[in-house]
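Heads up, the thing below is written out as structure tokens.
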Amino acid sequence: MIRTQGLTKRYGGVRAVENLALDVAEGDVYGFLGPNGSGKTTTVRMLLGLVLATSGSIEVMGRPIPAKAREVLPTVGALVEGPAAYAGLSGRANLALIDAMGPAGERASRARRVDDALDEVGLGGVDGRPVRAYSLGMRQRLGLAAALLRSPRLLVLDEPTNGLDPQGIREIRDLLLRLNDAGTTIFLSSHLLAEVEQMCGRVGVLDRGRLVLQERLDVLQRPTGRLQVRTPDVARARSLLDGQVESYDERQLMVRYADAAELNSLLVRQGVRVEMLAPERRTLEDVVLEATEAGSDRVARS
């Protein structure tokens, strides 16, 4: 669905994106992650033909971008760097204009398409007030509604839940997962790692313009081989497991042990009160921090 080879963007001596090789398969929910200034938005803009690459190639739905952008983009919904709208018009009027400027569609059904898009993002009851009176969250919902107007095969979203409250974030997450279940591929750039962790099957991590990681999330979060043991009897557990305890604090231990059931049985037989025993798995935050260098808002020079 999205494939890049050697994708590079330079601004003078500044390297924004370097030798990027993205691989997003049809049906993916792909999380595109990285610190501020790592090149995520520049990459998204190149994928949509809004910025020209310095070198390298881009294919979206098997067609080269930007050469075939006019063929491809009508089937792509996008929300990049916040929603754009005419501030003096209502949300409904804005969507009607966007629909009219797009590929030919039945004019008689335009109002229905607009209403359906507003309903999907939770703005079905919006009144005629101008967009300038909308909250940030309402503007974000309107931008997402614009991306959904033509039932896209691919959604490219840059921080789609920006400005939403927790309930709104959950609603948008549920909407995106429903769309994916119905066949829409989703490419999602976000800082909300907990949301990406709940939604995405694959992730790519960008750092200083380079793709430093691209893998299925379940592979990245496989058990580490250590067991987390929570107990009020830390000292006793340590004495029983001499040489196998890799770290500990006053309430828990990290133990290198092959069999969780066997370890639990050993501890209980020796009178250790086990409150929790489970394999350690890395969080997405752990994965991203390990893959990227310290700091943020960084731009590399050639």
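The first residue in the sequence is number 1, and the count goes up from there.
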Side-chain heavy atoms of R170 within contact of E195, under 4.5 Å: no

Contact check, side chains of L263 and V255, non-hydrogen atoms, under 4.5 Å: yes

Worked check of side chain to side chain contact (heavy atoms under 4.5 Å, CB included) between E18 and R10: CA-CA 8 Å; E18 181 76 11; R10 296 173 184 266; 3.1 Å; yes

Donor + acceptor pair across side chains of T41, R45 (<3.5 Å): no

Candidate pair T292 and L206, rule side chain to side chain contact (heavy atoms under 4.5 Å, CB included), full reasoning: CA-CA 8 Å; T292 58; L206 203 62; over 6 Å; no

Side-chain (Q221) to main-chain (R282) donor-acceptor, under 3.5 angstrom: yes

Any donor-acceptor pair under 3.5 Å from K9 side chain to L52 backbone: yes

Distance-only polar pair, side chains of Q214 and Y30, donor-acceptor under 3.5 Å: yes

Separation of L267 CG from E262 CD (nearest 0.5 Å): 10.5 Å

L142 side chain reached by L95 side chain, heavy atoms, under 4.5 Å: yes

Residues E120 and R178 bridged, charged N to O under 4.0 Å: no

Side-chain heavy atoms of L154 within contact of V24, under 4.5 Å: no

Steps toward side chain to side chain contact (heavy atoms under 4.5 Å, CB included) verdict (L175, L144): CA-CA 11 Å; L175 168 61; L144 187 54; 4.2 Å; yes

Residue pair E280, E246: steps toward the side chain to side chain contact (heavy atoms under 4.5 Å, CB included) verdict: CA-CA 12 Å; E280 179 192 41; E246 296 196 352; over 6 Å; no

Side chains of I2 and L47 in contact at under 4.5 Å (non-hydrogen atoms): yes

P160 side chain reached by L188 side chain, heavy atoms, under 4.5 Å: yes

Side-chain (Y134) to main-chain (G91) donor-acceptor, under 3.5 angstrom: yes

Interatomic spacing from CG in D99 to CG in N94 - rounded to 0.5 Å: 12.5 Å

Hydrophobic cluster membership, V245 vs L240, 4.5 Å side-chain cutoff: yes

Backbone of G27 reached by a side-chain donor or acceptor of T185 within 3.5 Å: yes

L177 side, atom CG; D181 side, atom CG - distance, nearest 0.5 Å: 6.5 Å

Same apolar cluster (I L V M F W Y, side chains within < 4.5 Å links), M254/L241: no

Donor-acceptor contact present, side-chain T231 to main-chain V274, <3.5 Å: no

N/O donor-acceptor pair under 3.5 Å between R236 side chain and Q270 backbone: yes

NZ/NE/NH1/NH2 to OD/OE distance under 4.0 Å, R112 and D116: yes

Check: R202 side chain, D23 main-chain N or O, donor-acceptor pair, under 3.5 Å: yes

Aromatic ring pairing F187/F32, orientation class (parallel under 30°, perpendicular over 60°, tilted between): tilted

Donor-acceptor under 3.5 Å (Q140 side chain, G163 main chain): no

Spatial distance of atom CE (M199) from atom CD1 (I186) [nearest 0.5 Å]: 5.5 Å

pair V60-K68: side-chain heavy atoms closer than 4.5 Å: no

Sub-4.5 Å side-chain heavy-atom contact between T283 and E197: yes

From R113 atom CZ to R150 atom CZ, the distance as rounded to the nearest 0.5 Å: 8.5 Å

Salt bridge present between R230 and E275 (N-O < 4.0 angstrom): no

Whether S38 side chain and P35 backbone form a donor-acceptor pair below 3.5 Å: yes

